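Beneath this line is the structure, given in structure tokens, with notes to follow.
Along the sequence shown, residues are numbered consecutively beginning with 1. Treat the numbers as computed from the prediction; the structure is a model and nothing was measured.
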Amino acid sequence: DFLMLGLGDMALPGMLLALMMSFDDNRRQRRQDNASSLMQAGSDALRQVAGQEQFSIRRVPYVRVVLIGYFVGLVLSMTAGVLSQAPQPALLYLVPCTLIPVTAKAWLHHELVELWNGPRRLATAHAEKNIV
């Protein structure tokens, strides 16, 4: 009885997951555009740096952060249900476990404003549509 998940326990984090997939795709596209424009500038040192694949916390996608947070939230929710022998609202654990790591990562990498406002290309397209 106390280990049941509702539709909202999957749908709301799923919406965050979809948003983070879009944000990761936008970041990847912007990084590729920047790399190609630097390559066209003709710098050999930049070519070497762009060609090296090295692990960086910046490269960890937001999707992975959300998935790990969702897993931790599910474990906490199930543990609380088992220990209390009473039903627990899973979103009470899922929301903080998914939003706090995403917000912290965005804040640490100075991407919080972009995450909040949306990608620049969408924001500028929306602003241009409102001007006309």
Side-chain angles (χ1 to χ4, degrees):
D1 286 334
F2 49 87
L3 297 177
M4 185 174 16
L5 290 176
L7 178 63
D9 301 329
M10 291 175 271
L12 292 176
M15 286 186 231
L16 178 64
L17 186 67
L19 177 67
M20 293 300 100
M21 288 175 78
S22 173
F23 189 73
D24 282 337
D25 186 53
N26 184 310
R27 284 177 57 221
R28 182 187 50 78
Q29 184 65 38
R30 192 175 64 234
R31 194 169 49 240
Q32 286 176 349
D33 291 346
N34 288 344
S36 65
S37 66
L38 290 175
M39 293 282 210
Q40 290 174 356
S43 172
D44 292 330
L46 290 174
R47 284 192 184 114
Q48 290 175 352
V49 170
Q52 295 174 354
E53 285 296 323
Q54 53 184 332
F55 178 77
S56 168
I57 192 68
R58 277 194 172 283
R59 293 187 186 264
V60 174
Y62 282 90
V63 172
R64 196 167 292 163
V65 173
V66 172
L67 287 175
I68 292 169
Y70 187 73
F71 175 74
V72 169
L74 280 177
V75 169
L76 287 175
S77 175
M78 297 299 171
T79 303
V82 168
L83 292 176
S84 68
Q85 295 292 314
Q88 296 289 318
L91 285 178
L92 181 68
Y93 302 95
L94 294 175
V95 170
C97 286
T98 54
L99 285 181
I100 290 173
V102 166
T103 306
K105 180 178 177 357
W107 181 71
L108 287 172
H109 298 301
H110 308 288
E111 297 173 333
L112 188 58
V113 173
E114 183 179 359
L115 182 65
W116 185 262
N117 292 332
R120 284 183 227 152
R121 63 181 169 187
L122 291 178
T124 55
H126 182 66
E128 289 173 359
K129 187 166 57 167
N130 286 340
I131 291 174
V132 175

Inset, instruction - Heavy atoms only: give me the nearest V65-P101 pair and the separation to one decimal. - result: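 Smallest interatomic distance, heavy atoms only, reads CG1-CB, 3.5 Å.
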Inset, instruction - Determine the minimum heavy-atom distance between G8 and P13, stating which atoms define it. - result: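 Distance-wise, the nearest heavy atoms are O-CD, 3.6 Å.
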Legend entry - All side-chain contact (heavy atoms from CB on, under 4.5 Å) counterparts of L5, not counting sequence neighbours: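 For L5 the side-chain contact (heavy atoms from CB on, under 4.5 Å) partners, ignoring immediate neighbours, are D9, L74, M78, A90.
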Inset, instruction - Output the rest of the hydrophobic cluster of V75: all Ile, Leu, Val, Met, Phe, Trp and Tyr residues reachable through side-chain heavy-atom contacts under 4.5 Å, sorted by chain and number. - result: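 Noted: V75 shares its cluster with F71.
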Say you draw a straight line from [atom1] of [X] to [atom2] of [Y]; how long is it, rounded to the nearest 0.5 Å?
{"X": "L7", "Y": "L12", "atom1": "CG", "atom2": "CG", "answer": "8.5 Å"}
{"X": "M21", "Y": "L19", "atom1": "CE", "atom2": "CG", "answer": "11.0 Å"}
{"X": "L17", "Y": "M10", "atom1": "CG", "atom2": "CE", "answer": "13.5 Å"}
{"X": "K105", "Y": "E111", "atom1": "NZ", "atom2": "CD", "answer": "6.0 Å"}

Are [X] and [Y] joined in one hydrophobic group, where the rule is that I, L, V, M, F, W and Y side chains link up if heavy atoms are under 4.5 Å apart?
{"X": "M15", "Y": "L67", "answer": "yes"}
{"X": "V63", "Y": "V72", "answer": "no"}
{"X": "I68", "Y": "V60", "answer": "no"}

Inset, instruction - Please list all pairs passing the side chain to side chain donor-acceptor pair (under 3.5 Å) test where one or both residues lie in residues 90-100, with sequence neighbours left out. - result: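 Sorted result for residues 90-100: Q88-Y93.
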Legend entry - Partner of W107 under side-chain contact (heavy atoms from CB on, under 4.5 Å), chosen from L112, V102, V113: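 The single option meeting the side-chain contact (heavy atoms from CB on, under 4.5 Å) with W107 is L112.
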Legend entry - Greater than 12 external heavy atoms within 6.0 Å of R28's CZ: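 It does: R28 CZ has more than 12 such atoms within range.
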Inset, instruction - Using side chain to side chain donor-acceptor pair (under 3.5 Å) as the criterion, list what pairs up with D24, not counting sequence neighbours. - result: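 With neighbours one apart ignored, the set is R27.
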Legend entry - For Y70, all residues meeting side chain to side chain donor-acceptor pair (under 3.5 Å), sequence neighbours excluded: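 With neighbours one apart ignored, the set is empty.
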Inset, instruction - With sequence neighbours excluded, give me every ring-ring contact (aromatic ring centres under 6.0 Å, His included) pair touching residues 7-28. - result: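 Pairs touching residues 7-28 that pass the test: F23-Y62.
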